[in-house]
Amino acid sequence: MLDITVRDQKNLVTGEALSRALEEAAPVLARAQAGEEKYRDSQGWLNLDKWASDQWLEQIEAIAENVKKTCDAFVVIGVGGSNNAARSVIEALSDGTGTEIIYAGNTLSPHALNRMLQSLEGKDYAIDCIAKNFETLEPGSSFRILREAMAKKYSPEEAARRTICTGTYGSSLERLCEQEGYTFVPFPTDVGGRYSAFSCVGLLPMACAGIDIRALVRGGKDMEKLLHETGAETNPALRYAVLRNLYHQRGYVMEILASFEPQFRWFSKWWVQLFAESEGKDGKGIFPAAAEYSEELHAVGQYLQDGAPLMFETFLFVREPTGSLVIHPDGRRDDFDYLDGKDFGDINRAAFEATLKAHSAKMPCLILGIGRLDAYHFGQLFYFFQFACYLSGEILGINPFDQPGVEAYKGWMFKALGK
Ligand code: PA5
């Protein structure tokens, strides 16, 4: 199971201060565990049995089996919460046994879109337009150009068979599916995009890519049980939420999610979106950013160690090495003899320990440890962070489920485009 440890050489939060804050936040946890009436329309993800039950998994797997049988590629059309969770797992774990996943609906760049279309040339593919409110420009416009591309390649019947839409019941997307004979799968009405990992939104693309979605959901359910049955004193999500708010109150306005595993690259993006869109409102919020080590020790590492003291750091730490690769002596004197016979697993671990020693002298560091980097543990992480983000938003005093700020730019953009 996931565990949290703190390394903070300045002792910014004493054990006593943490215990007091956990006690104060206990009612927040109790309300979250009970489910809150005021968030009824946004909490369909709290109980995974609702949208990730065995029945749903069977339906998702049946669609995915058909995709794997008939397609070389599967195009995920979606932006923000509509594609980040799936992408974070697929990019980390996909081993080539499933269908290739191609992403669209997340850019307006003609260069990127043309490249996406080129990457489909000569391939059989299906598309999945994932849109909760079918008004967002990026997925809507990509869906158009992909429908056009499919019309050139397939008969209308075949194109329809290869088109899936993940939309809300009663939406214009559902109506389009009825009219055109596309496959409709539900985007839960009571789950926002960034909380949708455990639903058709995240699970269908993952299943098409060959990810073990049952293991992922199992990990999520184990975490759900733990977080719902553990009290304030030992609840890891509450501890994380309370600690980040305590550091924030002490002037640390940014959180860096760091890891020594590039496999977390897209997961970090999901995490950034979850916290940025959930907490950054009413003039409040901790700014979330991510760093990929050891590469970025040669970039942001300098700022973290020597720059303005704005941030605390949260490390994702995988206890079991993600592989083994030994450096053998080659008889040449190149000043790297000290590495002879060493495994990269140990070298990477040494780099982590060294970074922790250096950074924790400057800023508070949290370590979130997980056993292995696999679908089961991704499931744990998704549920853990979703629940912690909810608690943290409550402690901060904002609504973690809306995103009013996103609407401002959309208004100007629609005006510019004559909508
Ligand atoms: O988390 C969210 O609510 C957002 O990031 C949405 O997922 C994103 O804006 C896409 O929305 P939609 O699926 O309605 O196009």
Side-chain angles (χ1 to χ4, degrees), residues 39-46 51 75-89 103-108 113 127-147 163-177 182 184-206 266-281 285 287-288 290 382-383 385-390 392-393 398-414 417 419:
Y39 293 138
R40 198 151 60 92
D41 295 343
S42 321
Q43 293 197 324
W45 58 272
L46 256 190
W51 293 104
V75 187
V76 175
I77 307 172
V79 71
S82 290
N83 82 358
N84 276 338
R87 192 170 200 177
S88 62
V89 180
Y103 300 91
N106 54 350
T107 180
L108 299 170
L113 288 165
I127 64 176
D128 181 8
C129 178
I130 310 174
K132 183 165 186 185
N133 91 55
F134 186 44
E135 278 184 3
T136 311
L137 181 61
E138 291 89 344
S141 54
S142 278
F143 192 26
R144 276 270 185 106
I145 56 163
L146 281 155
R147 291 205 304 268
T163 303
I164 300 167
C165 296
T166 305
T168 45
Y169 290 120
S171 64
S172 56
L173 201 50
E174 187 182 21
R175 279 196 296 284
L176 198 62
C177 288
Y182 304 155
F184 174 80
V185 293
F187 195 129
T189 23
D190 55 0
V191 178
R194 57 190 180 275
Y195 293 86
S196 67
F198 299 104
S199 72
C200 296
V201 176
L203 298 175
L204 178 57
M206 290 181 209
W266 290 93
F267 181 80
S268 300
K269 214 170 153 126
W270 172 85
W271 176 89
V272 165
Q273 191 226 345
L274 175 69
F275 279 92
E277 237 182 353
S278 298
E279 288 195 327
K281 53 195 71 153
F287 184 85
F382 280 133
Y383 198 92
F385 280 122
Q386 288 181 192
F387 196 77
C389 183
Y390 165 29
S392 182
I398 50 86
N399 174 349
F401 302 114
D402 65 2
Q403 54 282 327
V406 179
E407 300 309 317
Y409 98 89
K410 282 190 188 168
W412 287 106
M413 183 178 62
F414 288 147
L417 294 170
K419 182 178 177 186

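Indexing begins at 1, ligand by ligand and atom by atom, following the structure's order. Count residues from 1 along the sequence.
Among protein heavy atoms, atom 14 (O) of ligand 1 sits closest to Asn133 N, 2.9 Å. Of the protein's non-hydrogen atoms, the one nearest atom 11 (O) of ligand 1 is Thr136 OG1, 3.8 Å. For atom 10 (C) of ligand 1, the nearest non-hydrogen atom of the protein is Val79 O, 3.3 Å. Looking from atom 5 (O) of ligand 1 to the surrounding protein, the closest heavy atom is Gln273 NE2, 2.6 Å. In terms of protein heavy-atom proximity, atom 4 (C) of ligand 1 is nearest to Glu277 OE1, 3.3 Å. Nearest protein heavy-atom contact of atom 1 (O) of ligand 1 is Arg194 N, 2.9 Å.
Here the shortest heavy-atom pairing between Pro205 and Ile130 reads CG-CD1, 4.1 Å.
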Worksheet entry | Audit row: Thr166, Asp128, side-chain hydrogen bond (donor to acceptor under 3.5 Å, both in side chains) steps and yes/no | CA-CA 7 Å; Thr166 305; Asp128 181 8; 2.9 Å; yes

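Geometrically, ligand 1 and Gly81 share a nitrogen or oxygen pair separated by less than 3.5 Å. By the 3.5 Å distance cut-off applied to N or O atoms, Lys410 is not counted among the residues near ligand 1.
With a 4.0 Å heavy-atom cut-off, ligand 1 is reached by the side chain of Gln403 but not by its N, CA, C or O.
Between Phe267 and Phe382, the two ring planes are tilted [angle within 30° to 60°]. Taking the six-membered ring where tryptophan is involved, the planes of Tyr390 and Trp45 are perpendicular, since the angle between them exceeds 60° and thus also 30°.
Tyr169 is linked by a ring pair (Phe, Tyr, Trp, His ring centres under 6.0 Å) to Phe184, counting only residues two or more places apart in sequence or in another chain.
Numbered from 1 in the order shown, with element, the atoms of ligand 1 that lie under 4.0 Å from a heavy atom of Lys132 read 12 (P), 13 (O), 14 (O). Proximity to Ala131 (heavy-atom distance under 4.0 Å) selects the following atoms of ligand 1: 13 (O).
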In a table with atom names and distances, give each donor-acceptor pair under 3.5 Å that connects a side chain of residues 137-145 to protein atoms at least two apart or in another chain.
| unit_1 | atom_1 | unit_2 | atom_2 | d |
| --- | --- | --- | --- | --- |
| Ser141 | OG | Leu137 | O | 2.7 |
| Ser141 | OG | Glu138 | O | 3.1 |
| Ser142 | OG | Gly105 | N | 2.9 |

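Residues Ser278 and Arg194 bring a donor and an acceptor atom of their side chains to less than 3.5 Å of each other.
By the 4.5 Å heavy-atom criterion applied to side chains, Trp266 and Trp270 are not counted as neighbours.
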